Colleague: 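Pasting a structure below so you can have a look.
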Amino acid sequence: MKTFALLSLALTAALILSGCKSEVSYNQRLTVIVETPAGEVRGSAVTRVTDTDTTGSIFVPPEASRVSSKVVGEAVAIEVTPGRWLFALLDGREDGLGGAAYLSYPAFGLDKALDRDGQHTYDAAVAQLLAQPLDTPGTIPPSDYPLMVTFDDIAKPETVRLVDPADLAASFGPGVTLKAVTLEVTEDAVTSGQVEGVLRWWCPKRAEASLNDDPKYFGVNALFRNIGPSNFRIGECT
């Protein structure tokens with residue numbers, strides 16, 4: 001009888017908790033298309049985004065309630081020219097709004113989503129997102145591109161360099177331009193193995209906070225100190 005009462009209490013608690021927050025998950029494919037003198041090249045990666053909305057929850061103080069997002073998957077990796085790779089990262093923009101979890105907003109105009117009362121709300125944005133036809137790309141405007149990087153030496157993470165999307169030629173040579181960045185909702189599985197296949201150091205370094213944790217670089221304001229392995233992939237080794 002006591003066990004039954006405990007189980008009933010646990011079930012009741014679970015039902016209460018589930019009614020105090022909303023959660024939605026979806027897979028999205030980010031594609032980067034680059035024009036080169038040898039022709040068009042493109043790369044894609046599917047990530048899984050989970051959004052959790054705790055606004056209105058009796059278990060979360062109003063000042064702490066918010067919509068939080070979690071991403072699983074990897075960055076887009078493109079071999080633009082032989083041996084030279086471009087990566088569109090999962091996160092890394094200083095404003096915090098250019099990460100993979102937020103790309104659906106500019107791609108599908110979700111920042112303009114309105115509910116029946118004309119209010120900009122999370123629920124309205126989610127409803128609009130889930131109404132998108134599968135595998136139908138939306139175009140991401142340049143102002144919302146994810147952070148892009150390359151490496152002077154792909155085997156040395158500390159040689160990471162920022163890439164200017166408006167001037168790929170500066171990083172990859174004459175005739176190389178960024179053609180488009182698109183996003184689509186998909187039922188395809190999350191991609192894995194691409195980043196590890198190119199960045200052989202990712203798996204051994206995956207738990208580190210930055211691309212080079214050598215103590216001699218503490219306090220150094222360099223890109224390899226400001227981004228880490230999790231910007232390239234979130235998940236376990238494949």
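Along the sequence shown, residues are numbered consecutively beginning with 1. Please read all numbers here as calculations on a predicted model, not as lab measurements.
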Colleague: Can you list every side chain to side chain donor-acceptor pair (under 3.5 Å) pair that touches residues 229-238, not counting sequence neighbours?
Modeller: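 Sorted pair list: Glu196-Arg233, Glu196-Thr238.
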Colleague: Do you know which two heavy atoms are closest between Ala75 and Ala45, and how far apart they sit?
Modeller: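 Heavy-atom minimum between the residues: O-CB, 3.7 Å.
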Colleague: If hydrophobic clusters are built by linking Ile, Leu, Val, Met, Phe, Trp and Tyr wherever their side-chain heavy atoms come under 4.5 Å apart, do Val46 and Ile33 end up in the same one?
Modeller: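 Result: no, two separate clusters.
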Colleague: If you group Ile, Leu, Val, Met, Phe, Trp and Tyr by side-chain heavy-atom gaps below 4.5 Å, do Val76 and Val71 land in one group?
Modeller: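 Yes, same cluster.
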Colleague: Pairs in or reaching into residues 155-185: which pass disulfide (SG to SG under 2.5 Å), with residues at least two apart or in two chains?
Modeller: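 Listed once each, the pairs would be none.
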Colleague: At what distance, to the nearest 0.5 angstrom, does OG of Ser104 lie from CG of Leu129?
Modeller: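 One finds 5.0 Å between OG of Ser104 and CG of Leu129.
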Colleague: Measuring only between side-chain heavy atoms, which start at C-beta, is Thr177 closer than 4.5 Å to Val34?
Modeller: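 In short, these two side chains do not touch, never coming nearer than 4.5 Å.
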Colleague: Set out, in order, the CA-CA distance, both residues' side-chain angles and the distance that settles side chain to side chain contact (heavy atoms under 4.5 Å, CB included) for Ile140 and Thr182, then state yes or no.
Modeller: CA-CA 6 Å; Ile140 298 174; Thr182 66; over 6 Å; no
Colleague: Flag yes if Val72 and Val24 sit in one hydrophobic cluster, no otherwise; membership is Ile, Leu, Val, Met, Phe, Trp, Tyr, and two members link when side-chain heavy atoms are under 4.5 Å apart.
Modeller: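 No.
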Colleague: For Met148 and Leu178: C-alpha separation, side-chain torsions, deciding distance, then whether side chain to side chain contact (heavy atoms under 4.5 Å, CB included) applies.
Modeller: CA-CA 11 Å; Met148 298 185 188; Leu178 182 59; 3.9 Å; yes
Colleague: Minimum heavy-atom separation for Ala125 and Tyr105, please, with both atom names.
Modeller: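 Taking every non-hydrogen atom into account, CB-CE2, 4.1 Å.
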Colleague: Kindly give the heavy-atom pair with the smallest separation between Lys205 and Pro157, and that separation in Å.
Modeller: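 Looks like CE-CG, 4.0 Å.
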Colleague: Is there a side chain to side chain contact (heavy atoms under 4.5 Å, CB included) between Val181 and Thr139? Walk through the geometry before answering.
Modeller: CA-CA 6 Å; Val181 181; Thr139 300; over 6 Å; no
Colleague: How would you list, by chain and number, every residue that makes a side-chain hydrogen bond (donor to acceptor under 3.5 Å, both in side chains) with Thr50, sequence neighbours excluded?
Modeller: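 For Thr50, the residues satisfying side-chain hydrogen bond (donor to acceptor under 3.5 Å, both in side chains) (neighbours in sequence not counted) are Ser25.
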Colleague: Not counting sequence neighbours, which residues clear salt bridge (charged side-chain N to carboxylate O under 4.0 Å, His left out) with Arg84? List them please.
Modeller: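 Scan of Arg84 (salt bridge (charged side-chain N to carboxylate O under 4.0 Å, His left out), adjacent residues dropped) gives none.
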Colleague: Backbone N or O of Val176 within a donor-acceptor pair of the Thr36 side chain at under 3.5 Å?
Modeller: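 Looks like no, no N/O pair under 3.5 Å.
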Colleague: Could you pull out the closest heavy-atom pair between Gly73 and Thr47, with the gap in Å?
Modeller: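 Answer, listing the atom of Gly73 first, then Thr47: CA-CG2, 4.0 Å.
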Colleague: Atom CD of Glu184 and atom CZ of Phe108: how far apart are they, to the nearest 0.5 Å?
Modeller: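 Rounded to the nearest 0.5 Å, the CD-CZ separation comes out at 7.5 Å.
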Colleague: Could you tell me the separation between the NZ atom of Lys156 and the CZ atom of Phe224, rounded to the nearest 0.5 Å?
Modeller: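 Separation between the atoms: 13.0 Å.
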Colleague: What residues, two or more places apart in sequence or in another chain, satisfy side-chain hydrogen bond (donor to acceptor under 3.5 Å, both in side chains) together with Ser171?
Modeller: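 Ser171 satisfies side-chain hydrogen bond (donor to acceptor under 3.5 Å, both in side chains) with no other residue.
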Colleague: Just verifying a value: how many Å separate Leu162 CG and Ile227 CD1, rounded to the nearest 0.5 Å?
Modeller: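 Taking CG in Leu162 and CD1 in Ile227, the distance rounds to 7.5 Å.
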Colleague: Considering only residues two or more places apart or on different chains, which pairs with a residue in residues 128-143 satisfy salt bridge (Lys or Arg N to Asp or Glu O under 4.0 Å)?
Modeller: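 Matches after skipping sequence neighbours: Arg29-Asp135.
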Colleague: Identify the two heavy atoms, one from Pro146 and one from Ala88, that lie closest to each other, and give their separation to 0.1 Å.
Modeller: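 Minimum heavy-atom contact is CG-CB, 4.0 Å.
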Colleague: Show the numbers, then the answer: is there a side chain to side chain contact (heavy atoms under 4.5 Å, CB included) between Tyr26 and Asp51?
Modeller: CA-CA 9 Å; Tyr26 56 92; Asp51 293 331; 3.8 Å; yes
Colleague: CG/Leu147 to CG/Asp91 distance, rounded to the nearest 0.5 angstrom?
Modeller: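 Here the rounded value is 8.5 Å.
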Colleague: Say whether Val41 and Leu168 are linked into one hydrophobic cluster, either directly or through other cluster members, by side-chain heavy-atom distances under 4.5 angstrom.
Modeller: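 Cluster IDs for Val41 and Leu168 match.
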Colleague: Output all residues satisfying side-chain hydrogen bond (donor to acceptor under 3.5 Å, both in side chains) with Arg48, sequence neighbours left out; order by chain, then residue number.
Modeller: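 Arg48 satisfies side-chain hydrogen bond (donor to acceptor under 3.5 Å, both in side chains) with Asn27 only.
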Colleague: Mind checking what makes side chain to side chain contact (heavy atoms under 4.5 Å, CB included) contact with Pro141, not counting sequence neighbours?
Modeller: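 Scan of Pro141 (side chain to side chain contact (heavy atoms under 4.5 Å, CB included), adjacent residues dropped) gives Pro106, Ser143, Asp144.
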Colleague: Please find the pair of heavy atoms, one from Pro229 and one from Arg206, that lie closest to each other, and give the distance.
Modeller: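 The pair with the smallest heavy-atom distance is CB-CA, 3.8 Å.
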Colleague: Carefully, step by step, assess Thr159 and Asp153 under the rule side chain to side chain donor-acceptor pair (under 3.5 Å).
Modeller: CA-CA 6 Å; Thr159 68; Asp153 183 341; 5.7 Å; no
Colleague: Suppose we screen for side-chain hydrogen bond (donor to acceptor under 3.5 Å, both in side chains). Which residues come up paired with Thr31, at least two apart in sequence or across chains?
Modeller: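 By the side-chain hydrogen bond (donor to acceptor under 3.5 Å, both in side chains) rule, Thr31 matches Ser44.
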Colleague: What residue pairs, at least two apart or across chains, pass salt bridge (Lys or Arg N to Asp or Glu O under 4.0 Å) with a residue in residues 34-45?
Modeller: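 Non-adjacent pairs meeting salt bridge (Lys or Arg N to Asp or Glu O under 4.0 Å): Glu35-Lys179, Glu40-Arg42, Glu40-Lys179.
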Colleague: Can you check whether Val49 reaches Tyr102 side chain to side chain, under 4.5 Å on heavy atoms?
Modeller: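 Sidechains of Tyr102 and Val49: no contact.
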Colleague: Could you measure the distance from the CG atom of Leu30 to the CG atom of Leu183? Nearest 0.5 Å is fine.
Modeller: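 Going from the CG atom of Leu30 to the CG atom of Leu183 covers 6.0 Å.
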Colleague: Could you walk me through whether Arg161 and Thr150 satisfy the side chain to side chain donor-acceptor pair (under 3.5 Å) test, starting with their C-alpha distance in whole Å, then the side-chain angles of each, then the deciding distance to 0.1 Å, before giving a yes or no?
Modeller: CA-CA 5 Å; Arg161 297 288 181 268; Thr150 188; over 6 Å; no
Colleague: Do Val80 and Tyr145 sit in one hydrophobic cluster, given that two such residues count as connected whenever their side-chain heavy atoms are within less than 4.5 Å of each other, even indirectly?
Modeller: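 Hydrophobic grouping puts Val80 with Tyr145.
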Colleague: Who are the side chain to side chain contact (heavy atoms under 4.5 Å, CB included) partners of Glu79, not counting sequence neighbours?
Modeller: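 Residues passing side chain to side chain contact (heavy atoms under 4.5 Å, CB included) with Glu79: Trp85.
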Colleague: Can you run down the ring pair (Phe, Tyr, Trp, His ring centres under 6.0 Å) pairs that involve residues 146-185, sequence neighbours left out, and say none if there aren't any?
Modeller: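 Checked against ring pair (Phe, Tyr, Trp, His ring centres under 6.0 Å) - neighbours excluded - the pairs reaching residues 146-185 are Phe87-Phe151, Phe151-Trp201, Phe151-Phe232.
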